[in-house]
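In what follows, a structure is listed as structure tokens, so that the remarks can point back to it.
Counting convention: from 1, in listed order, for ligands and their atoms alike. The basis for the numbers below is simple: all heavy atoms, side chains too, and nothing from hydrogens, waters or symmetry mates.
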Amino acid sequence: MSALLEVRDLVVRYGTTVAVDRVSFEVRAGETLALVGPSGCGKSSTAAAALLLRRPDGGEVWFEGRELTRLPERELRGLRPAMQPVFQDPYGSLSPRQRVRDAVAEPLRVQGRWDAATGPARVAELLALVGLDAAHGERRPHELSGGQCQRVGIARALASGPRLLVLDEPVSALDPSVRAGVLNLLARLQETLGLGYLFICHDMALVRHFADRTAEMRAGRLVRVS
Ligand SMILES: Nc1ncnc2c1ncn2[C@@H]1O[C@H](COP(=O)(O)OP(=O)(O)OP(=O)(O)O)[C@@H](O)[C@H]1O
């Protein structure tokens with residue numbers, strides 16, 4: 001398998017705090033790399049810098065063979081659809097007044113890929129991919145369960161046609177009874193779409209079950225990759 005994402009000696013600082021200290025790892029196409037470690041060890045900062053949501057203070061980020069840290073924002077914009085985040089809080093990542101179908105259509109509109117003739121069918125297809133139907137498309141976030149909301153978040157990420165998903169604790173906020181359903185969905189999507197996952201998680205039992213490899217962080221440093 002080839003490297004989809006590779007970070008080399010990544011550094012993130014907040015003032016004098018070094019949150020990420022020369023971290024290196026790679027995520028290959030079609031695999032799940034779990035990033036684990038205790039609260040505050042730098043997992044989310046690593047993910048944000050790897051997605052260039054925040055420019056790293058040092059190191060390199062390679063995506064599909066291109067180094068991103070020195071690319072101007074204009075060029076990065078063209079690559080962003082290929083690397084998409086999914087966040088922990090399913091309600092917080094959706095706009096409360098927006099209907100589900102509009103939330104899923106939004107990335108297509110923003111990226112100039114919305115076509116009035118084919119767009120609604122594409123939205124229906126994306127909803128079906130995450131196990132939701134047309135009736136869910138008419139609802140607003142408060143009319144959905146946490147698990148359904150997270151499925152909408154995943155459909156929104158898929159709308160961009162990503163090759164990499166960065167999943168930041170994607171099931172931690174969900175009721176234990178619906179976690180398995182969302183994890184099964186993620187596993188199925190990975191298999192059918194060949195996605196690479198950087199999966200941030202603090203639940204080691206879950207990581208052992210879900211991830212192909214594990215990168216372990218402590219106090220900003222990568223201490224083990226297995
Ligand atoms: N915006 C910020 N400003 C200042 N310090 C920050 C900021 N964001 C994170 N930090 C600090 O950087 C360190 C790493 O935080 P980060 O959120 O990346 O860790 P984490 O492993 O994702 O934690 P958690 O599992 O609790 O989300 C912590 O010491 C945190 O307090």
- Could you list which atoms of ligand 1 come closer than 4.0 Å to a heavy atom of P38? 21 (O)
- Look at atom 25 (O) of ligand 1 and say which protein heavy atom is nearest, naming residue and atom and giving the distance to 0.1 Å. K43 NZ, 2.9 Å
- atom 9 (C) of ligand 1 sits nearest the protein heavy atom Y14 CE1, 3.4 Å
- Below 4.5 Å, heavy atoms only, C-beta onward: do W62 and T69 meet side chain to side chain? no
- Item | Closest non-hydrogen atom pair, G147 against V182 | O-CG2, 4.2 Å
- Message: Is atom 6 (C) of ligand 1 touching the protein, meaning some protein heavy atom lies under 4.0 Å away?
- Response: yes
- Query: Does G37 have a non-hydrogen atom less than 4.0 Å from ligand 1?
  - Reply: no
- Query: At what distance is the nearest protein heavy atom to atom 29 (O) of ligand 1, and which residue and atom is it?
  - Reply: G40 O, 3.8 Å
- Query: Can you find an N/O atom of S39 closer than 3.5 Å to an N/O atom of ligand 1?
  - Reply: yes
- Query: With a cut-off of 4.0 Å, which atoms of ligand 1 are near a heavy atom of A19?
  - Reply: 12 (O), 13 (C), 14 (C)
- Query: Short question: side chain of N184, backbone of A187 - any donor-acceptor pair under 3.5 Å?
  - Reply: no
- May I ask you to test the R139-R99 pair for a side-chain heavy-atom distance under 4.5 Å? no
- Message: With side-chain contact (heavy atoms from CB on, under 4.5 Å) as the test, pick out the partner of V27 among T32, L165, D212, L164.
- Response: L164
- Provide, to 0.1 Å, the distance between atom 19 (O) of ligand 1 and the closest protein heavy atom, together with that atom's residue and name. G42 N, 3.1 Å
- Should I154 and V86 count as side-chain neighbours, where that means a heavy-atom distance under 4.5 Å? yes
- Note on the structure: Nearest non-hydrogen protein atom to atom 15 (O) of ligand 1, with distance, is S45 OG, 3.9 Å
- Item | Minimum-distance pair of heavy atoms, taken over all atoms of P170 and I200 | CD-O, 4.0 Å
- Query: Tell me, which protein residue and heavy-atom name are nearest atom 27 (O) of ligand 1, and how many Å apart are they?
  - Reply: S44 OG, 3.8 Å
- Item | Side-chain heavy atoms of L71 within contact of L79, under 4.5 Å | yes
